[in-house]
There are 2 protein chains.
Amino acid sequence: MKVNLKTLSESLGLSQTTVSRALNGYSEVSERTRQRVMEAAERLGYQPNSQARQLATGRTDTIGIVFPFSVSTIGDIRFGEVVSGITERLAEHNLDLLIHSARPDAELETYRRLIDSRRVDALIVTRTRVDDPRIGLLQERNYPFVAYGRTQSRIPYAWFDFDNETGGRLAAERLLALGHRRIALVHAPLEMNFAMQRHAGFVAALCAAGIEPDPELIVEAPADRTGGYQAVRKLLAMQQPPTALLVDNNAIGALRALGDCGWKPGSGLSLIVYDSIPFEIPLTYKVTSVMQPTGESTGQALADLVVDVLAGKPLDQLHQLKVPYIDPGETDGPPIVFG
Amino acid sequence: MKVNLKTLSESLGLSQTTVSRALNGYSEVSERTRQRVMEAAERLGYQPNSQARQLATGRTDTIGIVFPFSVSTIGDIRFGEVVSGITERLAEHNLDLLIHSARPDAELETYRRLIDSRRVDALIVTRTRVDDPRIGLLQERNYPFVAYGRTQSRIPYAWFDFDNETGGRLAAERLLALGHRRIALVHAPLEMNFAMQRHAGFVAALCAAGIEPDPELIVEAPADRTGGYQAVRKLLAMQQPPTALLVDNNAIGALRALGDCGWKPGSGLSLIVYDSIPFEIPLTYKVTSVMQPTGESTGQALADLVVDVLAGKPLDQLHQLKVPYIDPGETDGPPIVFG
DNA sequence: ATTAATATCCAAAGCGCTTTGGATAGCGTG
DNA sequence: CACGCTATCCAAAGCGCTTTGGATATTAAT
């Protein structure tokens, strides 16, 4: 019942070589024969066995991505969009996406296995850390990959990233220009690349303005659901709370905390958040935010980079740095001076 | 440099057969030899080529899921969680998830290709429709699959679904018990299974109460971002608006529309929505909703079903029907009588 | 007409694994 | 000592495709 290359070629009275070539568009086959072959393949519903082809060619036409257990979606309401963007763009190149799940404590070993088993042609590395051993592993094995976020590495590699340092700086400069001096920062753990970069930009802007960053006002929020919420509650409970606040992550938890404390735009505390507020979240006011294109376009960019890497383009040219900008809203203004 | 079964067995002075058996835990190899083999494999970093193994065994250890282009995330803020749940649970069985993207207009052809190319061992079919040709195709080809949502089919198959009919009925009954007579329903297109079922339950409850469902009050909202919003606006703009409203989908758009019209809980219109409001959405009141376990637990249930299907369990026993219940909030109450 | 080039096709050798169908050796039984 | 059993191992045959290295027929060049 099932038709493979052998039965197909026999039914045509041709060799497997010729049929294979005809179907794969080689030139060493006459046009007439090719038509016959194509027609027969269509009629019999022939579909090459991909395992056999993969074994013969060494390609899998599959790109891999590793999701760590359980942390995959947290704090990342839009990660689904990124995946969606990746798959769509990959599909244009007849590539699939393989999702591999890893226990967070065995992440590196998982990468090693995935590489050695040859299940995928390339990998997309997400959630890069400042010093990321996965990058080193992949480079050492000479394995094609694209990083979603830069890390420290002398050897060039393909990456997509946001200019988080500029983002942190822009937000701080805006608040400084409004007259704020006590500016707080709620940031994700600094082992995360983006958090470190935003933090650096924020601190740099303060220093450039001659302000010594107050450690009390720079708080780390765990990358879980309540992290942002609790960090903001803590800041608001201070004896001398900040007059302005930059939230580099988990804006939703922060907004909720502010709301629970009766905060409203213009009521004293200026707020800038990183990333746009997802459409799904109804707010009666517009939040001033550090904007960067995220979601599906990010996924598409990643997919494009993967395709370029596989095409053998020079790695030191495969960089995409998206520069954020401030999208003004109603949540920031000059500090309110009491007395 | 790269070590395969041949080099490994040669370095051990054993046949490929024996090495293969030792590694795969067969009994026909002495314990001493097995130890030697395992040790050498570990030391040399041997990792079987998965393509070769797949070709030889006919298994791929991969489960497939098809994402239609662009519609994938719309109206489904939680779909990422489902995928996350699937991959995690599959990983426990050493299975991966392959995401394949399809143009919506060529969905069936995409399934056919995916089946015939043998890329995956089984498929998870999502967004089932009332009469879904994909189910028929898979059954015809005798291909293992699990449906996320039931459809019409005489032949048994594995599925996971919510009891949407009960959900629609429960919501309507609650509103009826509160004294409402003009109850509106905003529903997704009825070709979607869940929409049809919720609709049926809703209508049945009304009829049972002796109320003729008013076609004016039953409006279809397209499954896009603004569908729910516009449907609710339309209802609120009626000369004689409903006193109660059930939203079967896209609660967020509906809430936004209500908010834009100055609606507040207790202000005259009762509201029940389907599904819980995502944690990320800050609301100052609790919405009465038809609850059902969604997100990661759904993904895990789907993965479990896949594993059972592959294990050959009888399909007519592989059903999971989750019954929803009403989670009371502050958004419904008796109708307000004027005059 | 002869030779060289070209077009067209094919047999067979992999790709790296699993698995079938023996082969060999050790061992207790009668 | 012959026999049957079990334990242990191996050679070789696939799995279904691509690709190498010819072979043969056809056409162009001399």
Side-chain angles (χ1 to χ4, degrees), chain A residues 1-38 40-41 44-62 94 96 113-121, chain B residues 1-38 40-41 44-62 94 96 113-121:
Chain A
M1 188 58 238
K2 61 173 168 184
V3 43
N4 55 20
L5 192 60
K6 192 178 171 204
T7 59
L8 177 62
S9 59
E10 279 169 357
S11 82
L12 280 163
L14 287 169
S15 74
Q16 295 189 32
T17 309
T18 304
V19 174
S20 171
R21 285 187 161 145
L23 292 174
N24 291 325
Y26 282 61
S27 61
E28 297 131 303
V29 62
S30 74
E31 203 46 47
R32 225 175 66 84
T33 312
R34 163 165 292 127
Q35 291 303 334
R36 270 183 65 213
V37 171
M38 304 274 268
L44 299 176
Y46 169 72
Q47 191 71 30
N49 177 305
S50 66
Q51 270 67 52
R53 163 177 281 174
Q54 287 173 21
L55 181 56
T57 61
R59 285 182 302 106
T60 65
D61 293 330
T62 304
N94 292 316
D96 284 326
R113 285 243 189 81
L114 202 51
I115 295 172
D116 289 344
S117 72
R118 307 264 118 126
R119 283 190 78 107
V120 295
D121 291 344
Chain B
M1 188 59 239
K2 61 173 169 184
V3 42
N4 56 20
L5 193 61
K6 193 178 171 203
T7 59
L8 177 63
S9 60
E10 278 169 357
S11 84
L12 280 163
L14 288 168
S15 73
Q16 296 191 31
T17 309
T18 303
V19 174
S20 171
R21 285 187 162 147
L23 293 173
N24 291 324
Y26 281 61
S27 62
E28 295 131 304
V29 60
S30 73
E31 202 47 46
R32 223 175 70 83
T33 312
R34 164 167 289 125
Q35 291 302 335
R36 271 183 65 213
V37 172
M38 304 274 267
L44 299 176
Y46 170 72
Q47 191 71 27
N49 178 305
S50 66
Q51 270 68 51
R53 162 177 281 174
Q54 288 173 22
L55 180 56
T57 61
R59 286 183 300 107
T60 65
D61 293 330
T62 304
N94 292 316
D96 284 327
R113 284 240 189 84
L114 202 51
I115 294 172
D116 289 343
S117 72
R118 305 265 118 126
R119 282 191 77 110
V120 294
D121 291 343

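Per chain, numbering begins at 1; letters A, B, ... match sequence-line order. Because only heavy atoms are used, hydrogens play no part in the values below, and waters and symmetry mates are left out as well, while side chains stay in.
- Atom NZ in A:Lys2 sits roughly 10 Å away from atom C1' in D:dG16 (whole-Å rounding).
- Taking 4.0 angstrom as the limit, A:Thr33 places a side-chain polar atom (N or O) nearer than this to OP1 or OP2 of C:dC9.
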Considering only distance and modelled atom types, tabulate donor-acceptor pairs under 3.5 Å from the side chains of residues 16-24 of chain A, sequence neighbours left out.
{"unit_1": "A:Thr18", "atom_1": "OG1", "unit_2": "A:Ser15", "atom_2": "OG", "d": "3.1"}
{"unit_1": "A:Asn24", "atom_1": "OD1", "unit_2": "A:Arg53", "atom_2": "NH2", "d": "3.2"}
{"unit_1": "A:Asn24", "atom_1": "ND2", "unit_2": "A:Ser20", "atom_2": "O", "d": "3.2"}

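- Atoms CD (B:Gln35) and C1' (D:dT8) sit 16 Å apart, rounded to a whole Å.
- Using a distance-only test at 3.5 Å, with no hydrogens or angles considered, a donor-acceptor pair links the side chain of B:Ser50 to the main chain of A:Ser117.
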Test side-chain hydrogen bond (donor to acceptor under 3.5 Å, both in side chains) on A:Asp121 and A:Thr60 and set out the steps.
CA-CA 6 Å; A:Asp121 291 344; A:Thr60 65; 2.9 Å; yes

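- Counting to the nearest Å, the P atom of D:dC15 and the CZ atom of B:Arg119 are 22 Å from each other.
- Atom C1' of nucleotide D:dC17 and atom CD of A:Gln47 are separated by 13 Å, given to the nearest angstrom.
- Inter-axis angle, ends of the helix from C:dA1-D:dT30 to C:dG30-D:dC1, five pairs per end, rounded to 10 degrees: 50°.
- As a whole-Å value, the separation of A:Leu55 CG from C:dG16 C1' is 6 Å.
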Review item, nucleotides 18-21 of chain C N/O atoms under 3.5 Å of protein N/O:
{"unit_1": "C:dT18", "atom_1": "OP1", "unit_2": "B:Asn24", "atom_2": "ND2", "d": "3.0"}
{"unit_1": "C:dT18", "atom_1": "OP1", "unit_2": "B:Arg53", "atom_2": "NE", "d": "3.1"}
{"unit_1": "C:dT18", "atom_1": "OP1", "unit_2": "B:Arg53", "atom_2": "NH2", "d": "3.0"}
{"unit_1": "C:dT18", "atom_1": "OP2", "unit_2": "B:Ser20", "atom_2": "OG", "d": "2.5"}
{"unit_1": "C:dT19", "atom_1": "OP2", "unit_2": "B:Tyr26", "atom_2": "OH", "d": "2.6"}
{"unit_1": "C:dT19", "atom_1": "O4", "unit_2": "B:Thr17", "atom_2": "OG1", "d": "3.1"}

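- C:dG16 atom C1' lies 6 Å from atom CG of B:Asn49, rounded to whole Å.
- A side-chain donor-acceptor contact under 3.5 Å links A:Arg36 to the backbone of A:Leu12.
- At most 12 non-hydrogen atoms from other residues, nucleotides or ligands lie less than 6.0 angstrom from CZ of A:Arg113.
- If you take CG of B:Leu14 and C1' of C:dT24, they are 15 Å apart, rounded to a whole angstrom.
- Side-chain contact check for A:Asn49 versus A:Asn4: every heavy-atom pair is 4.5 Å or farther apart.
- Partners of B:Asp116 under the side chain to side chain contact (heavy atoms under 4.5 Å, CB included) rule, at least two apart in sequence or in another chain, are A:Gln47, B:Arg112, B:Arg141.
- Straight-line distance from the CG atom of B:Leu23 to the C1' atom of C:dG16: 14 Å, rounded to whole Å.
- Residues meeting the side chain to side chain contact (heavy atoms under 4.5 Å, CB included) test with B:Ala56, sequence neighbours left out: none.
- In terms of the side chain to side chain donor-acceptor pair (under 3.5 Å) criterion, B:Ser11 has no residue partners (sequence neighbours excluded).
- Proximity of A:Lys6 to the phosphate of D:dC15: no side-chain N or O atom is located under 4.0 Å from OP1 or OP2.
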